[in-house]
Chemist: 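What follows is a structure written as structure tokens; I'll ask about it next.
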2 protein chains.
Amino acid sequence: MGNEQKLDRIALERVAKVFQAFSDATRLAILQELKPGPSGVGELVERVGGSQGNISKQLQILAETGFIRREKKGNQVFYSIEDDSIFDMCNVVCSKLNRESRGKASFVFEI
Amino acid sequence: MGNEQKLDRIALERVAKVFQAFSDATRLAILQELKPGPSGVGELVERVGGSQGNISKQLQILAETGFIRREKKGNQVFYSIEDDSIFDMCNVVCSKLNRESRGKASFVFEI
DNA sequence: CTCGTATATTCCAATATACGAATATGCCGA
DNA sequence: TCGGCATATTCGTATATTGGAATATACGAG
């Protein structure tokens with residue numbers, strides 16, 4: 001379709017907001033834990049660390065991007081990856097960081 | 001290589017910092033303007049808007065990610081895309097946003 | 001060297017973000 | 001309905017970010 005039209009400010013802000021959701025280490029840690037499969041909030045609190053309230057808040061931010069799904073099951077709430085392409089993005093970044101740190105201890109950046 | 005090892009906090013913070021660089025509308029606007037080819041700071045100030053100082057600062061932040069190149073040519077400084085995969089990431093986000101707003105006015109999110 | 005242009009940096013105010021603690025809400029079982 | 005567990009929300013604080021204005025630096029022309 002070769003759609004080369006430029007995005008206006010509003011559109012750019014919407015894109016920016018998605019990147020912003022992935023711009024925090026705690027939220028990336030949550031994504032890492034969700035990669036193998038769905039997880040409840042309590043489980044994530046244990047595995048990621050930090051207060052329950054904070055993990056809950058970060059989950060909301062992630063869910064708002066549409067890449068993460070929220071699902072109530074009785075008493076608890078399960079979150080899961082809705083769209084794997086989030087990991088594609090992470091891997092683009094990881095590859096870049098790996099290329100830059102070549103020569104140094106080969107740090108593994110694949111999420 | 002199937003490298004499934006989890007990233008530690010430090011690594012996650014480095015990844016987060018890259019996403020953060022792309023989490024601002026002004027910086028995305030700059031990327032948009034750089035897509036067709038290299039550009040000097042002054043030209044970007046005109047096309048993106050805002051103060052010269054601010055554009056210069058945002059360019060630094062972008063350059064630190066390694067996706068943008070900085071090159072001095074005599075009196076002025078040209079910035080250019082060093083790694084196109086930044087646009088791959090943008091398009092992942094854009095596609096997502098397009099899918100979500102289907103039914104509404106088909107907003108074009110391809111940078 | 002001096003001047004003018006181009007870019008970078010510093011300083012400041014406004015706003016946004018991350019986080020824990022405390023509290024509120026929702027939902028199940030008894 | 002009540003108690004208890006799981007999750008969400010509110011509040012306050014420390015810190016970060018954005019952006020403009022002013023200033024500093026770099027560099028070429030003359």
Side-chain angles (χ1 to χ4, degrees), chain A residues 8-34 37-65 68-80, chain B residues 7-34 37-65 68-80 82:
Chain A
D8 61 21
R9 262 273 152 177
I10 306 285
L12 290 174
E13 259 152 30
R14 287 181 63 188
V15 177
K17 196 168 182 185
V18 175
F19 279 119
Q20 163 120 2
F22 303 136
S23 73
D24 176 77
T26 299
R27 290 193 289 269
L28 292 179
I30 291 174
L31 288 178
Q32 243 186 170
E33 297 300 336
L34 287 180
S39 191
V41 177
E43 206 178 334
L44 289 169
V45 172
E46 269 193 23
R47 296 215 287 234
V48 173
S51 71
Q52 180 272 323
N54 190 38
I55 297 297
S56 179
K57 270 179 289 187
Q58 306 314 324
L59 280 166
Q60 295 251 121
I61 292 171
L62 286 171
E64 276 169 13
T65 64
I68 291 335
R69 172 201 300 270
R70 179 185 188 278
E71 200 170 355
K72 272 186 113 157
K73 280 251 171 85
N75 206 10
Q76 54 193 138
V77 178
F78 289 89
Y79 287 86
S80 57
Chain B
L7 278 67
D8 61 22
R9 262 273 149 173
I10 307 284
L12 289 174
E13 259 151 30
R14 288 181 62 187
V15 178
K17 196 167 183 187
V18 176
F19 280 119
Q20 163 121 2
F22 303 135
S23 73
D24 175 78
T26 300
R27 290 193 287 271
L28 292 179
I30 290 174
L31 288 178
Q32 241 186 170
E33 297 300 335
L34 286 180
S39 190
V41 178
E43 206 178 335
L44 290 168
V45 171
E46 268 193 23
R47 297 216 286 235
V48 173
S51 71
Q52 179 272 322
N54 191 37
I55 297 298
S56 179
K57 269 179 289 187
Q58 306 313 325
L59 281 165
Q60 295 251 121
I61 292 171
L62 286 171
E64 275 169 13
T65 64
I68 291 333
R69 173 199 299 270
R70 178 185 190 277
E71 200 170 355
K72 272 185 114 159
K73 280 255 170 85
N75 206 10
Q76 54 193 140
V77 177
F78 289 89
Y79 287 86
S80 57
E82 162 96 30

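Here is how names work: the chains are called A, B, and so on, in the same order as the sequence lines, proteins then strands, and each is numbered from 1.
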Chemist: CD of B:Glu71 versus C1' of C:dA8: gap in Å, rounded?
Modeler: 18 Å
Chemist: Is any side-chain heavy atom of A:Thr65 closer than 4.5 Å to one of A:Phe22?
Modeler: yes
Chemist: On DNA chain D, check which nucleotide each of B:Ile61 and B:Gly53 is closest to and give me the residue with the more 5' one.
Modeler: B:Ile61
Chemist: Could you tell me how far apart B:Leu28 (CG) and D:dT18 (P) are, to the nearest whole angstrom?
Modeler: 11 Å
Chemist: Okay, side chain of B:Arg27, backbone of B:Leu62: is any donor-acceptor separation there less than 3.5 Å?
Modeler: no
Chemist: List the atom of A:Leu12, the atom of B:Ala25, and the distance in Å for their closest heavy-atom pair.
Modeler: CD1-O, 3.9 Å
Chemist: Going by number, which of residues 42-50 of chain B have a non-hydrogen atom under 4.0 Å from DNA chain C?
Modeler: B:Gly42
Chemist: At less than 4.0 Å, is any side-chain N or O atom of B:Gln76 found next to OP1 or OP2 of C:dT7? Yes or no.
Modeler: yes
Chemist: Can you tell me how far the CD1 atom of B:Ile30 sits from the CG atom of B:Asp24, to the nearest 0.5 Å?
Modeler: 8.5 Å
Chemist: Choosing from C:dC19, D:dA8, C:dT7, which nucleotide comes nearest the side chain of A:Val41?
Modeler: D:dA8
Chemist: Side chains of B:Leu28 and B:Gln58: does their closest heavy-atom pair fall under 4.5 Å?
Modeler: no
Chemist: Of the listed nucleotides (C:dC19, D:dT7, C:dT9), which one gets closest to any side-chain atom of B:Ser56?
Modeler: C:dT9
Chemist: For A:Thr26 and A:Gln52, take the nucleotide of DNA chain C holding the closest heavy atom to each; which residue's nucleotide lies nearer the 5' end?
Modeler: A:Thr26
Chemist: Closer than 4.0 Å, any side-chain N/O of B:Arg70 to the OP1 or OP2 of C:dT7?
Modeler: no
Chemist: Separation of B:Phe22 atom CZ from D:dT17 atom C1', in whole Å?
Modeler: 17 Å
Chemist: Could you give the CZ-to-C1' distance, from B:Phe78 to C:dT5, as a whole number of Å?
Modeler: 13 Å
Chemist: Give the nucleotide from the list C:dA8, D:dT7, D:dG19 with an atom nearest to the side chain of B:Asp24.
Modeler: D:dG19
Chemist: Please report, rounded to the nearest Å, how far the P atom of D:dT18 is from the CG atom of A:Leu12.
Modeler: 15 Å
Chemist: Assign a letter to each nucleotide of nucleotides 24-30 of chain D from its 5' end: B, base within under 4.0 Å of a protein heavy atom; S, sugar-phosphate only; -, no contact.
Modeler: --BBS--
Chemist: Within this structure, what is the CD1-to-C1' distance between B:Ile55 and C:dA8, rounded to whole angstrom?
Modeler: 13 Å
Chemist: For A:Gln20 and for B:Asn54, locate the closest nucleotide of DNA chain C by heavy-atom distance; then report the residue assigned to the nucleotide nearer the 5' terminus.
Modeler: B:Asn54
Chemist: Examine distances only and state if a side-chain atom of B:Ser56 and a backbone atom of B:Gly53 form a donor-acceptor pair shorter than 3.5 Å.
Modeler: no
Chemist: Within a strict 4.5 Å, meaning less than it, do heavy atoms of the A:Val77 and A:Lys72 side chains meet?
Modeler: yes
Chemist: Counting heavy atoms from C-beta on, name the nucleotide in D:dT17, D:dA8, C:dC19 closest to the side chain of A:Tyr79.
Modeler: D:dA8
Chemist: Nearest to the side chain of B:Lys57, which nucleotide is it out of D:dG19, D:dT9, C:dC19?
Modeler: D:dG19
Chemist: Counting N and O atoms only, with roles assigned by atom type, does the side chain of A:Gln32 sit under 3.5 Å from a partner on the main chain of B:Leu7, one being a donor and the other an acceptor?
Modeler: yes
Chemist: Nearest of C:dT9, D:dG19, D:dA6 to any side-chain atom of B:Gln60?
Modeler: C:dT9
Chemist: For the residue pair B:Gln76 and B:Val41, establish whether any side-chain heavy-atom pair is separated by less than 4.5 Å.
Modeler: no
Chemist: State, to 0.1 Å, how close B:Gly50 and B:Val45 come at their nearest heavy-atom pair, and which atoms those are.
Modeler: O-CG1, 3.6 Å
